[in-house]
Participant: 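I have a structure I would like to understand better, so I am pasting it below and will then ask my questions one at a time.
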Amino acid sequence: MKEIIGNIAKGQDKKIGIVVAQFNGVVTDRLLSGALGQLKKSGVKDENIVVVRVPGAFEIARTVNCLAQSGKVDGIIALGAVIRGETAHFTYVCEGTTSQLAAASANGNVPVMFGVLMTDTVAQATDRAGGKSGNKGAECATDVLEVLNIEEQIKQL
Ligand SMILES: Nc1c(NC[C@H](O)[C@H](O)[C@H](O)CO)[nH]c(=O)[nH]c1=O
Ligand SMILES: CC(=O)[C@@H](O)COP(=O)(O)O
């Protein structure tokens, strides 16, 4: 019986793309900082990271697909912060972003980590961007390296 589990220590040669929404930039900048810090801690070289800034969460998926099809990266981290307002817009931004990113990761050329916060309050978002609930960007950095290592091991079966 063979068992495969991801090893993030094997990420040094990987090229990672980060697509980050600028909407709620106070939060998304902290997500980005968490992701960059964890990638560096895991040995990913600075020259192997590309950061693409898009207006809002709804624009992330298209840019993720563009980056995935470019062949320039091995994995992608999608970062954003969608915070509920007064109208139904929140629901449709969340639904559209989630479904498109899920499809991009499942069907695309490279794994895509889902680091788009979807919260009812600013406090919930800041708690998850380096606050008491951790940093979703840092989590995604660990996760993308784990997935890439898993897929390398599968190819060697
Ligand atoms: N309300 C939030 C948005 N809204 C903007 C959309 O994401 C999109 O940029 C616009 O509808 C144009 O297509 N975006 C966020 O990232 N976070 C929000 O809370
Ligand atoms: C998630 C959103 O698009 C939201 O911030 C927009 O706010 P509102 O629903 O009050 O227009």
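For ligands, and for the atoms within them, numbers begin at 1 and follow the listed sequence. For the numbers below, each heavy atom of this structure counts, side chains included, while hydrogens, waters and symmetry mates do not.
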Participant: Can a side-chain donor-acceptor contact be found between Asn65 and Gln69 if the only test is distance below 3.5 angstrom?
Facilitator: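 The answer is no; no qualifying pair exists.
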Participant: May I have every N or O pair linking ligand 2 to the protein at under 3.5 Å, one per line with atom names and distance?
Facilitator:
{"residue": "ligand 2", "atom": "3 (O)", "partner": "His89", "partner atom": "ND1", "Å": "2.5"}
{"residue": "ligand 2", "atom": "5 (O)", "partner": "Ile83", "partner atom": "O", "Å": "3.3"}
{"residue": "ligand 2", "atom": "9 (O)", "partner": "Glu86", "partner atom": "N", "Å": "3.3"}
{"residue": "ligand 2", "atom": "9 (O)", "partner": "Thr87", "partner atom": "N", "Å": "2.9"}
{"residue": "ligand 2", "atom": "9 (O)", "partner": "Thr87", "partner atom": "OG1", "Å": "2.5"}
{"residue": "ligand 2", "atom": "10 (O)", "partner": "Glu86", "partner atom": "N", "Å": "2.7"}

Participant: For Gln22, give me all partners under side chain to side chain contact (heavy atoms under 4.5 Å, CB included), at least two apart in sequence or on another chain.
Facilitator: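 Gln22: side chain to side chain contact (heavy atoms under 4.5 Å, CB included) contacts with Arg53.
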Participant: Calculate, to the nearest 0.5 Å, the distance between atoms NZ and NZ belonging to Lys45 and Lys15 respectively.
Facilitator: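 Nearest 0.5 Å value for the NZ-NZ distance: 10.0 Å.
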Participant: Do Leu101 and Leu67 sit in the same hydrophobic cluster, where Ile, Leu, Val, Met, Phe, Trp and Tyr count as joined when their side-chain heavy atoms come under 4.5 Å apart?
Facilitator: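 They do share one cluster, since a chain of ILVMFWY contacts under 4.5 Å joins Leu101 to Leu67.
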Participant: Under the side-chain contact (heavy atoms from CB on, under 4.5 Å) test against Pro111, which residue among Ile150, Leu145, Val147, Ile77 passes?
Facilitator: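 Looking at Ile150, Leu145, Val147, Ile77, the match for Pro111 under the side-chain contact (heavy atoms from CB on, under 4.5 Å) is Val147.
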Participant: Taking all non-hydrogen atoms of both residues into account, name the closest pair between Gly80 and Leu31 and its distance.
Facilitator: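 Between these two residues, the closest heavy atoms are O-CD1, 3.4 Å.
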Participant: What are the two closest heavy atoms between Ile60 and Leu79, and how far apart are they?
Facilitator: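 Closest approach of Ile60 to Leu79, heavy atoms only: CD1-O, 3.4 Å.
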Participant: Salt bridge check, Lys136 against Glu139: does any charged N sit closer than 4.0 Å to a carboxylate O?
Facilitator: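 Looking at Lys136 together with Glu139, the answer is yes, because their closest N to O distance falls below 4.0 Å.
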Participant: For ligand 1, list every N/O pair with the protein closer than 3.5 Å, one pair per line with the distance.
Facilitator:
{"residue": "ligand 1", "atom": "7 (O)", "partner": "Ala57", "partner atom": "N", "Å": "3.2"}
{"residue": "ligand 1", "atom": "7 (O)", "partner": "Phe58", "partner atom": "N", "Å": "3.1"}
{"residue": "ligand 1", "atom": "9 (O)", "partner": "Glu59", "partner atom": "OE1", "Å": "2.5"}
{"residue": "ligand 1", "atom": "13 (O)", "partner": "Glu59", "partner atom": "OE2", "Å": "2.5"}
{"residue": "ligand 1", "atom": "16 (O)", "partner": "Ala57", "partner atom": "N", "Å": "2.8"}
{"residue": "ligand 1", "atom": "17 (N)", "partner": "Ala81", "partner atom": "O", "Å": "2.8"}
{"residue": "ligand 1", "atom": "19 (O)", "partner": "Asn24", "partner atom": "ND2", "Å": "3.2"}
{"residue": "ligand 1", "atom": "19 (O)", "partner": "Ile83", "partner atom": "N", "Å": "3.0"}

Participant: Quick one: side-chain hydrogen bond (donor to acceptor under 3.5 Å, both in side chains) partners of Arg30, sequence neighbours excluded?
Facilitator: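 Testing Arg30 for side-chain hydrogen bond (donor to acceptor under 3.5 Å, both in side chains), a comparison that skips the adjacent residues, returns none.
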